[in-house]
Amino acid sequence: QVQLVESGGGLVQAGSSLRLSCAASGRTLIANVMAWFRQAPGKEREFVAGIRWSAGSTYYADSVKGRFTISRDKDKNTMYVQMNSLTPEDTGDYYCALDMQSMFLSIESSQYDFWGHGTQVTVFT
């Protein structure tokens, strides 16, 4: 019903910035919450940032607070995350997720209904 496609990942030096995009397509999109998750090699998937689609209210993991900024463009059905001051700890596969059924902004991956394929982010020193 819904397709999510991430883009913007890459290989960057520590201290650099990167902007990821998540484009939603398919059936008419009425999303309650969209979020970014990431998964480092050998680690569990973790919540990065989320946004309520209608109101635009946001929530960030402590590890990225102050460095990352999540946003969305309703007209383009696209979500973004601006990532600044990147560190090697930010390395991982970044996934876009969408919750169609709840207004609750959850940090649990199991609460999300649709997922993108992921985009790789590698930060080197």
Side-chain angles (χ1 to χ4, degrees):
Q1 182 175 348
V2 175
Q3 293 183 341
L4 304 173
V5 179
E6 304 94 335
S7 62
L11 178 67
V12 297
Q13 190 173 26
S16 298
S17 297
L18 210 56
R19 186 190 189 220
L20 306 183
S21 300
C22 172
S25 62
R27 312 286 287 188
T28 301
L29 179 61
I30 304 177
N32 287 321
V33 176
M34 294 187 71
W36 290 98
F37 288 78
R38 68 186 181 188
Q39 187 167 20
K43 300 187 67 177
E44 294 183 349
R45 187 169 299 184
E46 66 174 349
F47 175 84
V48 175
I51 186 167
R52 292 185 174 88
W53 191 255
S54 181
S57 54
T58 60
Y59 181 76
Y60 297 90
D62 289 340
S63 59
V64 307
K65 193 174 300 182
R67 299 187 298 118
F68 290 13
T69 302
I70 188 172
S71 62
R72 86 277 191 261
D73 187 326
K74 293 182 178 180
D75 293 335
K76 296 181 179 179
N77 279 346
T78 301
M79 177 180 66
Y80 308 91
V81 58
Q82 177 68 42
M83 307 186 296
N84 298 328
S85 301
L86 288 165
T87 74
E89 287 71 35
D90 297 314
T91 292
D93 294 328
Y94 282 70
Y95 297 90
C96 174
L98 186 152
D99 181 355
M100 294 275 284
Q101 302 180 35
S102 178
M103 292 294 294
F104 178 67
L105 203 166
S106 176
I107 66 171
E108 299 294 335
S109 60
S110 61
Q111 293 296 120
Y112 291 83
D113 302 303
F114 300 97
W115 293 83
H117 66 280
T119 185
Q120 296 181 13
V121 173
T122 302
V123 184
F124 65 92
T125 59

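Quick caveat: nothing in here was measured; it's all calculated off a predicted structure. For the single chain, residues carry numbers from 1 onward in sequence order. What you see below is based on every heavy atom in this structure, not just the backbone, and it leaves out hydrogens, waters and symmetry mates.
- With sequence neighbours left out, Gln3 forms a side-chain hydrogen bond (donor to acceptor under 3.5 Å, both in side chains) with no residue at all.
- Both Leu4 and Met100 belong to a single network of hydrophobic side chains, linked directly or stepwise wherever heavy atoms of I, L, V, M, F, W or Y lie under 4.5 Å apart.
- A search for ring-ring contact (aromatic ring centres under 6.0 Å, His included) contacts involving Phe47 returns Phe37, Tyr59, not counting sequence neighbours.
- Contact of the Met83 side chain with the Val64 side chain is not registered, since no non-hydrogen atoms from C-beta on lie closer than 4.5 Å.
- Looking only at atom types and distance, the side chain of Ser110 has no donor-acceptor partner in the side chain of Glu108 under 3.5 Å away.
- For the pair Asn77/Trp53, a side-chain contact is recorded, criterion being any heavy-atom separation below 4.5 Å from C-beta on.
- Hydrophobic clustering, with ILVMFWY side chains joined whenever heavy atoms are under 4.5 angstrom apart, keeps Ile51 apart from Val5.
- Taking all atoms of both residues into account, the shortest heavy-atom contact from Arg38 to Ser63 is NH2-OG, 3.5 Å.
- At least one donor-acceptor pair closer than 3.5 Å links the side chain of Arg67 to the backbone N or O of Ser85.
- Residue pairs meeting the salt bridge (Lys or Arg N to Asp or Glu O under 4.0 Å) criterion with at least one partner in residues 72-84, sequence neighbours excluded, do not occur; the list is empty.
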Side-chain polar contacts of residues 115-125 - donor-acceptor pairs under 3.5 angstrom, sequence neighbours left out - could you list them?
{"unit_1": "His117", "atom_1": "ND1", "unit_2": "Glu6", "atom_2": "OE1", "d": "3.3"}
{"unit_1": "Thr119", "atom_1": "OG1", "unit_2": "Gly9", "atom_2": "N", "d": "3.1"}

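- Checked by atom type and distance alone, the side chain of Tyr112 never pairs as donor or acceptor with a backbone atom of Val33 at under 3.5 Å.
- With sequence neighbours left out, the side-chain hydrogen bond (donor to acceptor under 3.5 Å, both in side chains) criterion links Lys43 to no other residue.
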Side-chain polar contacts of residues 11-24 - donor-acceptor pairs under 3.5 angstrom, sequence neighbours left out - could you list them?
{"unit_1": "Ser16", "atom_1": "OG", "unit_2": "Gln13", "atom_2": "O", "d": "2.9"}
{"unit_1": "Ser17", "atom_1": "OG", "unit_2": "Asn84", "atom_2": "OD1", "d": "2.8"}

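- In this structure, Met34 CE and Thr58 OG1 are separated by 14.5 Å, a value rounded to the nearest 0.5 Å.
- One finds the OH atom of Tyr94 at 13.0 Å from the CZ atom of Arg45 (value rounded to the nearest 0.5 Å).
- The heavy-atom pair separating Tyr60 from Ile70 by the smallest distance is OH-N, 2.8 Å.
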